[in-house]
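One structure is given below, encoded as structure tokens.
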Number of protein chains: 2
Amino acid sequence: MSPASTRDKILDAAQGFIARVGVNAMSYKHLSDVVGIRKASIHHHFPTKTDLLLHVVQRYHGHFMLKLDSIMADDGNGRARLESYCKVFEEVLTRGDCTGSCPLGMLVAEMQTLDPKVKVMLMQFYKENQHRLHQILEQGLQDGSLHFKGTREALGALIFSLLQGLLFLTRGGGSVQMFRTTVDQLLVMV
Amino acid sequence: MSPASTRDKILDAAQGFIARVGVNAMSYKHLSDVVGIRKASIHHHFPTKTDLLLHVVQRYHGHFMLKLDSIMADDGNGRARLESYCKVFEEVLTRGDCTGSCPLGMLVAEMQTLDPKVKVMLMQFYKENQHRLHQILEQGLQDGSLHFKGTREALGALIFSLLQGLLFLTRGGGSVQMFRTTVDQLLVMV
DNA sequence: GTCTATATAGAGATAGAC
DNA sequence: GTCTATCTCTATATAGAC
């Protein structure tokens with residue numbers, strides 16, 4: 001891996017804390033301890049917590065969408081793409097120390113305490129996920145690899161809610177195995 | 001409604017804050033403002049935040065299970081009971097100022113920052129929900145009102161994750177309507 | 001049970017030297 | 001860019017009077 005800049009180290013640390021304990025339990029002191037520089041130096045890179053948050057969200061959003069775009073570019077029918085989509089969420093769980101969830105999901109949970117600018121970005125994340133899911137589900141209907149009653153919209157909302165909920169609950173005593181089992185259950189139902 | 005004791009008012013206020021903003025964004029000052037007594041008086045009833053948390057969880061757990069038990073006592077087939085089960089979650093959303101989610105779901109999200117005693121109670125809540133769901137799904141299979149592939153366990157985990165995830169995401173720009181639509185989608189798939 | 005007052009620690013943030 | 005030092009505010013929690 002390429003040597004990360006201090007700025008990136010801070011973003012990495014912040015993203016990890018948010019995923020594990022949430023924004024409101026993360027402090028500049030915590031970041032300072034992990035990154036190895038003083039609090040004031042963190043403030044040099046990100047003057048306020050909202051600044052930091054905006055950049056964490058933006059970066060994560062970008063990386064996540066790149067992954068989804070690569071799924072959409074792959075060969076494969078709708079079902080294969082839906083499986084890949086779920087796999088992206090599983091990787092969120094298995095990467096790192098396995099205690100985290102999706103940092104943006106965590107921020108949605110704490111949304112009432114955030115700057116409106118962050119809220120807007122979080123809603124955009126939701127919207128773009130829905131868009132990709134609609135495409136995948138539509139394709140699956142067309143190529144006959146997916147079968148379901150109801151609308152793409154409703155099933156898309158169901159799938160995204162399920163995956164985010166799973167990430168939350170898995171940390172409460174759950175395991176990657178439980179995550180997989182539940183996703184498999186979804187896949188036998190479509 | 002019966003006149004609530006100060007103790008109950010504190011628990012009500014705490015539960016509301018947890019559901020809306022989480023434990024880590026809730027302070028004794030906030031509670032003091034809502035209940036109308038001083039911080040020190042809150043400490044008289046609940047010396048530490050963990051004490052308060054334990055009682056909030058215990059009370060909510062009790063009330064929730066009473067509701068589920070009344071569902072299990074009603075007449076009705078498996079499908080009707082599953083609909084009632086989902087309705088209990090919808091009521092969490094529509095009650096009060098509509099910005100909250102399940103306080104225990106929120107605590108699960110913040111689990112890494114909590115006292116181990118609270119964690120144990122949260123896992124118990126999950127376990128008992130799973131137990132009720134297994135019963136409902138089994139009954140639905142027996143009486144022919146529900147049809148699904150896979151196991152009761154996997155579908156139970158899916159349903160609970162979905163409902164908790166929905167409560168989280170609905171607050172991020174969602175509505176009760178979206179909650180209902182998604183639950184309806186679940187119900188046409190079983 | 002509720003109050004005032006206080007202790008102690010930590011938060012986010014800024015000024016200015018190097 | 002990083003540091004020391006400091007400001008201001010808020011957090012949890014306790015002591016002791018009424």
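Each chain gets a letter, A, B and so on, in the order its sequence line appears, and its residues count up from 1. Reckoned from all heavy atoms, side chains included, excluding hydrogens, waters and symmetry mates.
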>> Run the side-chain hydrogen bond (donor to acceptor under 3.5 Å, both in side chains) test on B:Ser84 and B:Asp74 for me, step by step, so that the C-alpha distance in whole Å, both residues' side-chain angles and the decisive distance to 0.1 Å come before the verdict.
In response: CA-CA 10 Å; B:Ser84 299; B:Asp74 281 351; 5.6 Å; no
> Rounded to the nearest Å, what distance is computed from the NE2 atom of residue A:His44 to the P atom of nucleotide C:dT14?
Replying inline: 14 Å
> Any side-chain N or O of B:Ser27 under 4.0 Å from OP1/OP2 of D:dT10?
Replying inline: no
>> OP1 or OP2 of D:dG1 versus the side-chain N and O atoms of A:Ser41: is any pair under 4.0 Å?
In response: no
>> Within 45 degrees of the ring normal and closer than 6.0 Å to the centroid, is that where the cationic atom of B:Arg81 sits relative to B:Tyr85?
In response: no
>> Can you see whether B:Asp51 engages B:Thr48 through a side-chain donor-acceptor pair at a distance of less than 3.5 angstrom?
In response: yes
>> Side chains of A:Gln135 and A:Arg152: any donor to acceptor distance under 3.5 Å?
In response: no
>> By nearest atom, which of the nucleotides C:dC3, D:dA13, D:dG1 is closest to the B:Ile37 side chain?
In response: C:dC3
> Within this structure, what is the CD1-to-P distance between B:Ile10 and C:dT2, rounded to whole angstrom?
Replying inline: 7 Å
> Rounded to the nearest Å, what distance is computed from the CG atom of residue A:Asp51 to the P atom of nucleotide C:dT14?
Replying inline: 10 Å
> Taking atom types as modelled, is there a side-chain donor on A:His44 or A:Ser41 under 3.5 Å from an acceptor on the other?
Replying inline: no
>> In this structure, how many angstroms lie between the P atom of D:dT4 and the CD1 atom of A:Ile42, rounded?
In response: 13 Å
>> Please pick, from D:dA5, C:dA11, C:dT2, the nucleotide with the shortest atom-to-atom distance to any side-chain atom of A:His30.
In response: C:dA11
> Does a side-chain N or O from B:Lys29 land closer than 4.0 Å to OP1 or OP2 of D:dT10, or not?
Replying inline: no
> A:Phe17 CZ to C:dA11 P: how many Å, rounded?
Replying inline: 11 Å
>> So if I take every side-chain heavy atom of A:Ala40 and compare against D:dT4, C:dT2, D:dT12, which nucleotide ends up nearest?
In response: D:dT4
> Can you tell me how far C1' of D:dT12 sits from CG of B:Leu114, to the nearest Å?
Replying inline: 16 Å
>> Looking at D:dT2, I'd like to know if its phosphate oxygens (OP1 or OP2) sit under 4.0 Å from a side-chain N or O belonging to A:Thr6.
In response: yes
>> Considering every strand and a 4.0 Å limit on heavy-atom distances, what is the contact class for B:Lys39: base, sugar-phosphate, or nothing?
In response: base
>> With a cut-off of less than 4.0 Å, is there a side-chain N or O of A:His45 near OP1 or OP2 of D:dT2?
In response: yes
> Could you give the CZ-to-P distance, from A:Arg38 to D:dT2, as a whole number of Å?
Replying inline: 13 Å
> Of all the nucleotides listed (D:dA13, C:dC3, C:dT14), which has the minimum atom distance to the side chain of A:His43?
Replying inline: C:dT14
>> Distance check needed: D:dA11 P versus A:Asn24 CG, whole Å only.
In response: 12 Å
